[in-house]
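Reading through the structure tokens given below for one structure.
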Amino acid sequence: MTPRFEPVIIGFLCNWCSYTGADLAGVARLQYPPNLRPIRVMCTGMVHPDLVTEAFASGADGVLIMGCHPGECHYFKGNIKAAARAKVISIILRASGVDPRRFELNWISSAEASVFAKLITEFTMRIVKLGPHKVAP
């Protein structure tokens, strides 16, 4: 019997909202797959497309960017910048042969622990169905 594929998912989480939502999910002992490797960033607007492409080049099977809801950014318009970059990232991934379904941008507030757990579960299931990401030689 072959072992079940366990994807590696890199998550860039906003310090003020989504990272705190993830922390609350842990405190509340909500169940979700352990595949996420969270990276705390001060703002999703600081996540350069190179960080996402480098994650895939280093073997990540999926990448999530999670930040404050629009209008609630602690840096005023960082999440708006992140949304614009997400569109560019999808184009870059498609052009480099990475299925854009392996990348997603989401808004999670600090009080949305259950939303965080649900999002991680659904994204992980999607990546499992897609299978391992093949890193180009």
Side-chain angles (χ1 to χ4, degrees):
M1 184 162 90
T2 58
R4 180 175 184 249
F5 164 57
E6 290 294 338
V8 173
I9 298 171
I10 303 299
F12 295 99
L13 283 63
C14 155
N15 179 63
W16 305 102
C17 288
S18 60
Y19 193 86
T20 309
D23 189 47
L24 182 59
V27 170
R29 298 182 186 266
L30 298 178
Q31 297 295 309
Y32 58 89
N35 303 80
L36 180 71
R37 307 306 191 268
I39 299 172
R40 186 190 318 198
V41 295
M42 292 309 291
C43 179
T44 55
M46 298 173 68
V47 180
H48 193 276
D50 288 349
L51 293 172
V52 176
T53 58
E54 182 64 29
F56 282 113
S58 297
D61 297 300
V63 176
L64 287 167
I65 297 176
M66 294 179 271
C68 303
H69 288 276
E72 297 178 11
C73 179
H74 286 68
Y75 298 99
F76 303 107
K77 294 189 180 194
N79 48 14
I80 303 304
K81 184 177 183 179
R85 280 187 169 172
K87 292 175 186 175
V88 172
I89 290 168
S90 292
I91 293 167
I92 292 169
L93 294 177
R94 192 173 289 114
S96 61
V98 177
D99 188 332
R101 294 177 294 175
R102 293 182 178 278
F103 168 73
E104 193 170 289
L105 170 68
N106 284 286
W107 313 124
I108 304 289
S109 80
S110 59
E112 293 179 314
S114 61
V115 174
F116 176 85
K118 182 178 184 234
L119 181 127
I120 298 304
T121 301
E122 290 173 353
F123 189 76
T124 301
M125 290 185 338
R126 179 192 321 159
I127 300 302
V128 167
K129 286 180 185 174
L130 289 173
H133 169 62
K134 308 275 191 292
V135 179

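None of the values given here were measured: they were computed from a predicted structure.
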Which pair of heavy atoms, one from Leu24 and one from Ser110, lies closest together, and at what distance?
CD2-O, 3.5 Å
When you measure from the side chain of Asp61 to the backbone of His133, do you find a donor-acceptor pair of N or O atoms at a distance under 3.5 Å?
yes
Correct closest heavy-atom pair for Gly67 and Cys14 would be CA-CB, 3.6 Å
Those residues at least two apart in sequence (or on a different chain) that pass salt bridge (Lys or Arg N to Asp or Glu O under 4.0 Å) with Glu122 are Lys118
Remaining members of Met125's ILVMFWY cluster at a side-chain heavy-atom cut-off under 4.5 Å?
none
Can you list, by chain and residue number, the hydrophobic cluster partners of Ile10 when the side-chain cut-off is 4.5 Å?
Val8, Phe12, Ile39, Val41, Val47, Leu51, Val52, Phe56, Val63, Ile65, Ile89, Leu93, Val98, Phe103, Leu105, Trp107
Do any pairs count as a salt bridge (Lys or Arg N to Asp or Glu O under 4.0 Å) and have a residue in residues 92-103, sequence neighbours left out, and if so which ones?
Asp99-Arg101
Minimal non-hydrogen separation, Ala22 against Phe116, with atom names
CB-CZ, 3.4 Å
Note: Ile127 and Pro7 closest approach over all heavy atoms is CG2-CB, 3.4 Å
Pairs where residues 17-32 contributes a residue and the test side chain to side chain donor-acceptor pair (under 3.5 Å) is met, not counting sequence neighbours:
Tyr19-Arg40
side-chain contact (heavy atoms from CB on, under 4.5 Å) with Ile92: which residues, sequence neighbours excluded?
Pro49, Thr53, Val88
Rounded to the nearest 0.5 Å, what separation is found between the CE atom of Met66 and the CG atom of Leu119?
6.0 Å
What distance do Leu13 atom CG and Leu64 atom CG have between them, rounded to the nearest 0.5 Å?
8.0 Å
Please output the side-chain donor-acceptor pairs of residues 70-82 that fall under 3.5 Å, not counting sequence neighbours, one pair per line with the distance.
{"unit_1": "Tyr75", "atom_1": "OH", "unit_2": "Trp16", "atom_2": "NE1", "d": "3.4"}
{"unit_1": "Asn79", "atom_1": "ND2", "unit_2": "Cys68", "atom_2": "O", "d": "2.9"}
{"unit_1": "Asn79", "atom_1": "ND2", "unit_2": "His69", "atom_2": "O", "d": "2.9"}

Applying salt bridge (Lys or Arg N to Asp or Glu O under 4.0 Å), can you list everything that pairs with Glu104, at least two apart in sequence or on another chain?
Arg126
Could you pull out all residues at least two apart from Pro33 that satisfy side-chain contact (heavy atoms from CB on, under 4.5 Å)?
Asn35, Ile120, Thr121, Thr124
